[in-house]
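Just so it is clear, the values below take in all heavy atoms, side chains as well, and ignore hydrogens, waters and symmetry mates.
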Amino acid sequence: MMAKELGFPKRETIEKIWAEYGLDQRSIKEAVEMLKDWLQLQPHLPKEEGSLHEARLERWLIRCKNSMERTKQSIDMYYTLKSFSPEMMSDYNIQSKWFKTISKLGFYTAMPQMTPEYDRVVCFGLLSNDPTDFVIEEWCRMALMTFEVRMCEDYSLRDIFICDMANYTLAHLPKFSFPSMKKVEVCTVKAFSTRLKAFHIINAPPFAGVFVELIKSILSSKLVARVHVHGKDLTELHKQVPKESLPTEMGGCGGSIIDNWNLWLKKLETYQDWFLQHENVKSDEKKRLEGNAISSDLFGFEGSFRKLDVD
């Protein structure tokens with residue numbers, strides 16, 4: 001089957017996702033207006049406008065399970081991380097040298113077909129086994145660019161991550177540092193309020209244990225229980241993830257990895273102007289009423305700037 005672009009869901013799907021949290025069109029609209037009003041009262045946060053901004057607020061609310069307080073915390077964290085973690089959340093420019101290099105070395109693709117439970121399957125891995133030009137911060141930055149697009153267009157309840165280790169080598173392992181992995185976890189889980197249903201690691205090589213332990217070290221105990229490791233036998237994966245939501249290489253019928261990734265690259269290209277305009281849309285910590293956030297606190301190295309319960 002040919003790969004498809006991440007399409008806007010049907011109205012029926014949207015309403016079922018709303019219903020999961022007791023929402024409807026009226027309550028969604030009211031909540032978005034409340035969030036817009038709240039943002040206007042936050043001197044340290046930027047003042048965005050327009051239908052795309054409202055669409056993102058709506059998705060934040062759903063990702064935070066219709067909790068207004070958690071949504072506010074997540075939005076605050078998003079803009080704050082743009083200030084404190086530029087190596088992850090800035091220079092979103094598909095024409096830049098770093099992007100052209102890393103997008104040929106790795107992929108990060110949300111599959112177009114959701115599961116029957118309205119979960120989005122996100123597949124990622126390496127396209128080359130040459131570690132020479134691989135930079136983990138750049139790969140994470142590229143991945144977060146897809147999260148930005150999904151905040152504008154996607155509609156789903158949870159994420160199922162699938163990491164394909166087919167092209168990982170021992171020489172790649174030193175590239176994966178704890179601080180970098182922790183930062184991307186904070187950006188993903190707290191800034192974008194990702195709800196992780198499962199994390200599958202497939203084609204795990206003999207040395208995968210080191211990588212798996214690194215992944216587990218950055219996750220909460222609740223999320224560690226959702227990490228599953230598979231070798232080349234994907235029988236157990238297919239019991240948990242429908243083949244309609246998997247690429248061909250993983251025994252699915254959702255098109256090849258490279259075709260899906262090429263569609264995502266074209267999608268990112270359509271957001272180039274928005275990425276550039278959004279580059280400096282971030283918090284101004286000098287104006288934060290409750291005092292400045294501390295960079296190290298954001299990532300849990302010396303504390304916590306915001307503590308969110310995630311599931």
Side-chain angles (χ1 to χ4, degrees), residues 3 85-111 121-149 160-185 187-188 199-218 227-234 237 246-252 254-269 271-272 275:
S85 189
E87 73 277 19
M88 295 287 181
M89 297 187 69
S90 68
D91 192 18
Y92 287 177
N93 184 350
I94 64 171
Q95 299 301 327
S96 62
K97 181 179 179 180
W98 77 263
F99 184 87
K100 291 180 178 179
T101 299
I102 202 67
S103 61
K104 294 177 181 178
L105 297 177
F107 64 94
Y108 197 97
T109 176
M111 297 299 292
V121 176
V122 182
C123 303
F124 54 93
L126 302 179
L127 296 170
S128 167
N129 60 12
D130 184 355
T132 306
D133 296 322
F134 180 80
V135 179
I136 183 60
E137 289 82 6
E138 293 177 353
W139 185 88
C140 292
R141 193 188 314 163
M142 178 182 71
L144 290 171
M145 289 172 71
T146 72
F147 275 86
E148 293 279 17
V149 173
I160 298 173
F161 289 169
I162 303 179
C163 175
D164 186 355
M165 292 193 70
N167 282 318
Y168 285 62
T169 69
L170 276 170
H172 282 98
L173 286 182
K175 307 266 188 174
F176 291 83
S177 68
F178 175 82
S180 295
M181 298 298 287
K182 184 60 182 179
K183 285 182 179 181
V184 76
E185 183 265 342
C187 292
T188 302
F199 192 124
H200 295 277
I201 297 171
I202 67 171
N203 293 315
F207 58 83
V210 177
F211 179 75
V212 173
E213 288 307 309
L214 175 59
I215 294 296
K216 289 183 176 181
S217 72
I218 65 173
V227 177
H228 309 279
V229 183
H230 312 269
K232 295 184 181 299
D233 184 353
L234 303 183
L237 176 70
L246 292 172
T248 307
E249 293 86 343
M250 298 180 190
S256 70
I257 286 173
I258 195 63
D259 285 347
N260 277 283
W261 182 226
N262 283 336
L263 285 175
W264 261 102
L265 290 176
K266 290 179 180 178
K267 171 66 72 175
L268 291 173
E269 185 176 352
Y271 275 80
Q272 172 73 347
F275 283 138

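Smallest separation of non-hydrogen atoms from Cys123 and Met111: SG-CG, 3.9 Å. Annotation for Thr169 and Asn129: closest pair CG2-O, 3.6 Å, computed over non-hydrogen atoms. Smallest separation of non-hydrogen atoms from Met88 and Ser180: CE-O, 3.4 Å. Residues Pro247 and Ser256 share a closest heavy-atom pair of CB-C, 4.4 Å. Residues Tyr168 and Leu126 come closest through the heavy atom pair CE1-CG, 3.8 Å. In plain terms, the two heavy atoms of Trp98 and Met145 that are nearest each other are CH2-SD, 3.8 Å.
Side-chain atoms of Cys140 and Lys183, non-hydrogen and from C-beta on, never get closer than 4.5 Å to each other. At a threshold of 4.5 Å between non-hydrogen side-chain atoms, the residues Thr248 and Asp259 do not count as touching. No side-chain heavy atom of Tyr92 sits less than 4.5 Å from a side-chain heavy atom of Leu268. Contact annotation: the side chain of Gln272 approaches that of Asn93 to within less than 4.5 Å [non-hydrogen atoms, C-beta and beyond].
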**Item:** Stepwise side-chain contact (heavy atoms from CB on, under 4.5 Å) test for Phe178 and Ile218
**Value:** CA-CA 8 Å; Phe178 175 82; Ile218 65 173; 3.6 Å; yes
**Request:** Take Tyr271 and Thr146 through the test side-chain contact (heavy atoms from CB on, under 4.5 Å) and record every step on the way to the result.
**Result:** CA-CA 10 Å; Tyr271 275 80; Thr146 72; over 6 Å; no
**Item:** Stepwise side-chain contact (heavy atoms from CB on, under 4.5 Å) test for Leu246 and Leu234
**Value:** CA-CA 11 Å; Leu246 292 172; Leu234 303 183; over 6 Å; no
**Item:** Step-by-step side-chain contact (heavy atoms from CB on, under 4.5 Å) determination, Lys175 to Trp139
**Value:** CA-CA 11 Å; Lys175 307 266 188 174; Trp139 185 88; over 6 Å; no
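Not one N or O on the side chain of Glu87 forms a donor-acceptor pair closer than 3.5 Å with the backbone of Glu137.
Donor-acceptor pairing under 3.5 Å is recorded for the side chains of Asp130 and Thr132.
In this structure, Leu237 CG and His200 NE2 are separated by 5.5 Å, a value rounded to the nearest 0.5 Å. One distance of note links CD1 of Ile201 with CG of Asp164; it measures 11.0 Å at 0.5 Å rounding. Separating the CD1 atom in Ile257 from the CE atom in Met250 is a distance of 4.5 Å, to the nearest 0.5 Å.
Ion pairing between a basic and an acidic side chain is recognised when a charged N comes within 4.0 Å of a carboxylate O; Arg141 and Glu138 show no such pairing.
Partner His172 forms a ring-ring contact (aromatic ring centres under 6.0 Å, His included) with one of Phe207, Phe211, Phe134 and no other, that one being Phe134.
Partners of Phe107 under the ring-ring contact (aromatic ring centres under 6.0 Å, His included) rule, at least two apart in sequence or in another chain, do not exist in this structure.
Enclosure of atom CD in Glu269 is not indicated, since only 12 or fewer non-hydrogen atoms of other residues, nucleotides or ligands lie within 6.0 angstrom. Remark: Lys104 NZ is loosely packed, at most 12 non-hydrogen atoms of other residues, nucleotides or ligands lying under 6.0 Å away.
Aromatic rings from Tyr108 and Trp264 are positioned such that their centres are separated by 6.0 Å or more.
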